[in-house]
Asker: 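There's a structure below that I have some questions on.
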Amino acid sequence: MTSIFLDLNRTSSSRVDNMRAITLHSYGPPENLHLDEYPDPVPRPGEVRLAVHAAGVHFMETALRRGQRVGPHPAPPLPAVLGGEVAGVVDMLGPGVDATWLGRRVVASTGGYASLAVASEGLGQGGRESCVWVRGGDLVWARVGA
């Protein structure tokens with residue numbers, strides 16, 4: 001499976017007050033996706049927050065965007081932030097999470113088309129420090145398919 005990645009340009013130098021996310025407000029073509037702002041998510045106990053550098057876009061999400069059911073996955077209730085594959089840097093820890101996670105590059109099956117994502121501490125997979133962000137996001141589904 002080939003992935004296309006959305007570069008959300010989330011770096012410490014471009015920090016904004018609110019999380020940015022691409023939101024689907026009505027089923028249909030890509031033009032129905034809009035950039036919206038939401039309050040920054042805060043990780044709960046056992047979770048980490050990622051500053052997302054890349055988010056995978058897959059065929060399943062294009063079908064869901066059109067309002068189609070994909071296998072066991074029904075079309076999402078609207079409004080919806082699609083996606084479930086991200087690569088980024090841990091920028092916040094929930095209570096009880098080991099401090100060594102802070103600043104770690106990870107890929108995770110969580111989040112979506114947003115500048116921030118929250119994942120369970122055990123879901124994030126460490127990425128190589130030299131990895132290219134687009135490649136890092138692709139590792140999530142590559143592992144599942146391998």
Side-chain angles (χ1 to χ4, degrees), residues 1-94 97 101-145:
M1 174 183 297
T2 302
S3 300
I4 300 169
F5 289 85
L6 303 172
D7 182 358
L8 299 172
N9 296 316
R10 180 78 174 200
T11 65
S12 58
S13 62
S14 66
R15 178 74 173 103
V16 295
D17 292 332
N18 292 309
M19 176 181 78
R20 294 169 292 171
I22 298 173
T23 308
L24 179 66
H25 291 278
S26 60
Y27 300 119
E31 291 77 20
N32 291 2
L33 296 167
H34 300 279
L35 185 61
D36 294 327
E37 290 191 2
Y38 296 91
D40 284 358
V42 177
R44 296 177 298 191
E47 294 180 334
V48 298
R49 187 178 75 184
L50 308 176
V52 175
H53 286 254
V57 180
H58 296 277
F59 172 76
M60 182 171 120
E61 288 129 22
T62 62
L64 293 172
R65 185 199 72 228
R66 292 188 301 255
Q68 300 170 339
R69 179 181 196 89
V70 179
H73 307 284
L78 299 175
V81 177
L82 300 175
E85 172 182 69
V86 297
V89 175
V90 175
D91 76 345
M92 184 181 281
L93 306 174
V97 175
W101 279 90
L102 198 58
R104 188 183 296 184
R105 287 182 173 203
V106 298
V107 294
S109 295
T110 188
Y113 309 166
S115 57
L116 296 170
V118 173
S120 171
E121 179 182 11
L123 287 179
Q125 301 296 318
R128 294 184 304 175
E129 288 302 315
S130 62
C131 78
V132 175
W133 287 117
V134 172
R135 286 296 204 190
D138 206 23
L139 290 175
V140 176
W141 287 108
R143 288 183 135 161
V144 172

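This structure is a prediction, so every number in the text was calculated from the model and none was measured. Along the sequence shown, the residues carry numbers beginning at 1.
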Asker: Of all the heavy-atom pairs spanning P39 and M19, show the shortest one and how long it is.
Answerer: O-CB, 4.2 Å
Asker: Would you say D40 and M92 make side-chain contact, with heavy atoms under 4.5 Å?
Answerer: no
Asker: List, one per line, each side-chain donor-acceptor pair under 3.5 Å for residues 64-81, sequence neighbours excluded.
Answerer:
| residue | atom | partner | partner atom | Å |
| --- | --- | --- | --- | --- |
| R65 | NE | G28 | O | 2.7 |
| R66 | NH2 | Q68 | OE1 | 3.3 |
| R69 | NE | G71 | O | 3.1 |

Asker: How many angstroms lie between atom NE2 of H34 and atom NE2 of H25, to the nearest 0.5 angstrom?
Answerer: 6.0 Å
Asker: Please report the closest heavy-atom contact between G112 and A55, naming both atoms and the distance.
Answerer: O-CB, 3.3 Å
Asker: So, do Y38 and L116 sit near enough that their side-chain heavy atoms are less than 4.5 Å apart?
Answerer: no
Asker: Please give me the minimum heavy-atom distance between V118 and P41, naming the atom from each residue.
Answerer: CG2-CB, 3.6 Å
Asker: Please find the pair of heavy atoms, one from L93 and one from V48, that lie closest to each other, and give the distance.
Answerer: CD2-CG1, 3.9 Å
Asker: Got a second to check how far L50's CG is from D91's CG, nearest 0.5 Å?
Answerer: 7.5 Å
Asker: How long is the span from the CD1 atom in I22 to the OG atom in S115, to the nearest 0.5 Å?
Answerer: 10.0 Å
Asker: State, to 0.1 Å, how close G88 and H53 come at their nearest heavy-atom pair, and which atoms those are.
Answerer: CA-CD2, 3.8 Å
Asker: Which atom pair, heavy atoms only, marks the closest approach of T62 to F59?
Answerer: OG1-O, 2.6 Å
Asker: Side chains of N32 and S26: closer than 4.5 Å at any heavy-atom pair?
Answerer: yes
